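One structure is given here, and the rest of the page talks about it.
Residue numbers count from 1 along this sequence. Keep in mind that what you see is a predicted model, and the values were worked out from it rather than measured.
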Amino acid sequence: MGKVVCVTGASGYVASWLVKLLLNHGYTVKGTVRNLSDPNKVAHLKAFEGAKERLHLFEANLTEHGSFDSIVDGCDGVFHTASPVMAMDAISDPQAELIEPAVEGTLNVLKSCSKAASVKRVVVTSSVAAVICNRKPQGPDVVVDETWFSDPEFCKETKKWYWLAKTLAEEAAWKYAEENGINLLVINPGFVIGPLLQPTLNATSQHILYLLKGKEILPDYQFIDVRDVAHAHILVFENPSTTGRYILVEQSINCFEALQILRNLYPSLNIPNNVAGSPTFQVSKTKAQVLGINFTPLEVSLKDTIDSLIEKNFLEL
């Protein structure tokens with residue numbers, strides 16, 4: 001209550017919910033966006049309860065050295081959520097478009113934090129993509145937990161560029177934090193779904209639309225609700241005993257099971273039914289539950305996602 005924190009990439013899907021919850025908890029929030037004059041980036045943030053009094057927005061560039069220095073100065077904590085996300089078919093230069101901005105952006109934020117004596121803790125939003133992309137067996141009897149790390153070479157071999165960017169960015173964060181005495185915590189959410197606060201489509205919500213149409217179907221999904229992800233950020237920041245990484249996955253299911261849930265929820269939608277699915281691995285909830293996360297059931301998250309897409313005119317029943 002009353003603390004000042006920074007949220008990078010404040011207009012993003014997860015970050016918007018994080019800003020909203022932080023304001024609800026009484027925090028003063030310094031949020032960074034790429035363009036203050038873009039209403040799609042700032043209008044919904046300014047509309048949050050408490051925003052007029054306790055939300056301050058700034059322009060900052062992930063790849064610009066020192067861009068965050070003056071913003072994080074005076075903050076008790078920093079939530080680094082900003083990271084490039086692109087559709088796989090839209091990536092022409094993975095190194096320039098994904099990897100460099102993710103790694104350099106993370107290091108630039110951490111370097112600014114190391115200069116600010118006020119910053120006590122830093123929470124970085126990583127991904128389950130930095131956990132599961134490796135050569136380990138991943139059958140139905142396997143339980144993935146926080147000790148797992150993705151293998152950069154395997155990511156390259158399989159051309160999983162987003163997975164590679166998140167893996168290298170998290171690796172760089174841990175290395176820099178250890179060398180510079182930063183109290184770092186990392187959140188590794190799965191495939192984030194749930195209602196949208198921002199007026200534009202984010203990558204995972206776009207993918208749900210593709211899933212409904214039979215496009216870009218992944219073999220399996222590690223689903224987590226966006227509200228649970230935002231809540232987890234605050235819990236790890238506020239609890240003095242938290243350490244390390246926190247995987248957030250409510251349920252890991254294959255594409256056939258995901259589509260079946262959507263068909264049951266929305267029988268009027270022409271959802272593809274010719275998709276096969278094999279058993280997928282499990283993801284440990286232990287550390288997140290100890291933290292205090294009560295996971296939103298997957299069916300609720302999926303329904304709220306679809307309802308939100310309909311409300312914002314991205315989808316018609």
Judged by atom type as modelled, is there a donor-acceptor pair below 3.5 Å linking the side chain of [X] to the main-chain atoms of [Y]?
{"X": "Thr167", "Y": "Pro152", "result": "no"}
{"X": "Ser112", "Y": "Gly66", "result": "no"}
{"X": "Thr32", "Y": "Glu59", "result": "no"}
{"X": "Asn254", "Y": "Ser278", "result": "yes"}
{"X": "Gln222", "Y": "Val128", "result": "no"}
{"X": "Glu97", "Y": "Asp93", "result": "yes"}

Of the non-hydrogen atoms in [X] and [Y], which two are nearest, and what is the gap between them?
{"X": "Glu238", "Y": "His25", "value": "OE2-CD2, 4.3 Å"}
{"X": "Ile224", "Y": "Leu248", "value": "CB-O, 3.4 Å"}
{"X": "Val275", "Y": "Cys255", "value": "CG1-SG, 3.3 Å"}
{"X": "Val7", "Y": "Ala15", "value": "CG1-CB, 4.0 Å"}
{"X": "Gly31", "Y": "Leu55", "value": "N-CD1, 4.5 Å"}
{"X": "Val14", "Y": "His233", "value": "CG1-CE1, 4.3 Å"}

Among Glu170, Lys166, Glu146, find the one that has a side-chain hydrogen bond (donor to acceptor under 3.5 Å, both in side chains) with Asn188.
Glu170

Would you say that [X] contacts [Y] through its side chain, given a criterion of any heavy-atom pair below 4.5 Å between the two side chains?
{"X": "Trp17", "Y": "Val229", "answer": "no"}
{"X": "Thr125", "Y": "Phe79", "answer": "no"}
{"X": "Glu299", "Y": "Ile261", "answer": "yes"}
{"X": "Asp38", "Y": "Val33", "answer": "no"}
{"X": "Trp163", "Y": "Thr158", "answer": "no"}
{"X": "Thr242", "Y": "Arg121", "answer": "yes"}
{"X": "Ile182", "Y": "Ser114", "answer": "yes"}
{"X": "Leu298", "Y": "Ile253", "answer": "yes"}

Tell me whether [X] at atom [atom1] has more than 12 heavy atoms from other residues, nucleotides or ligands lying less than 6.0 Å away.
{"X": "Lys30", "atom1": "NZ", "answer": "yes"}
{"X": "His65", "atom1": "NE2", "answer": "no"}
{"X": "Glu157", "atom1": "CD", "answer": "yes"}

Residues clustering with Phe149 (ILVMFWY side chains joined when closer than 4.5 Å, directly or via others)
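Listed partners: none, Phe149 stands alone.
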
Please report the C-alpha distance between Leu218 and His207 in whole Å, then the side-chain angles of each, then the deciding distance to 0.1 Å, and finally whether the side chain to side chain contact (heavy atoms under 4.5 Å, CB included) criterion is met.
CA-CA 10 Å; Leu218 299 174; His207 189 93; 3.8 Å; yes

Would [X] and [Y] show up in the same hydrophobic cluster when neighbours are defined by side-chain heavy atoms closer than 4.5 Å?
{"X": "Phe295", "Y": "Leu21", "result": "yes"}
{"X": "Leu36", "Y": "Leu45", "result": "yes"}
{"X": "Leu309", "Y": "Ile193", "result": "yes"}
{"X": "Leu197", "Y": "Leu22", "result": "yes"}
{"X": "Tyr221", "Y": "Ile271", "result": "yes"}

Quick test of your reading of the model: are [X] and [Y] salt-bridged, counting only N-O distances below 4.0 Å?
{"X": "Asp151", "Y": "Arg135", "answer": "yes"}
{"X": "Lys175", "Y": "Glu179", "answer": "yes"}
{"X": "Glu49", "Y": "Lys20", "answer": "no"}

Please determine whether side chain to side chain contact (heavy atoms under 4.5 Å, CB included) holds for the pair Gln260 and Asn264, giving the CA-CA distance in whole Å, both sets of side-chain angles, and the decisive distance to 0.1 Å.
CA-CA 6 Å; Gln260 186 59 50; Asn264 292 340; 3.1 Å; yes

NZ or CZ of Lys215 within 45° of Tyr210 ring axis and under 6.0 Å
no

Going by distance alone, is a donor N or O of one side chain under 3.5 Å from an acceptor N or O of the other, for Ser301 and Asp225?
yes

Any side-chain donor paired with an acceptor under 3.5 Å for Asp228 and Thr296?
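On atom types as modelled, these side chains qualify, holding a pair under 3.5 Å.
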
Worked check of side chain to side chain contact (heavy atoms under 4.5 Å, CB included) between Glu250 and Lys285
CA-CA 7 Å; Glu250 194 281 328; Lys285 296 183 180 181; 3.7 Å; yes

Going through the checks in order, is the side chain to side chain contact (heavy atoms under 4.5 Å, CB included) test met by Gln251 and Glu257?
CA-CA 11 Å; Gln251 200 169 335; Glu257 295 167 317; over 6 Å; no

Ring centroids only, cut at 6.0 angstrom: are Phe68 and His80 within range, meaning strictly under it?
no

Could you name each residue pair satisfying salt bridge (Lys or Arg N to Asp or Glu O under 4.0 Å) that touches residues 60-78, not counting sequence neighbours?
Asp69-Lys115

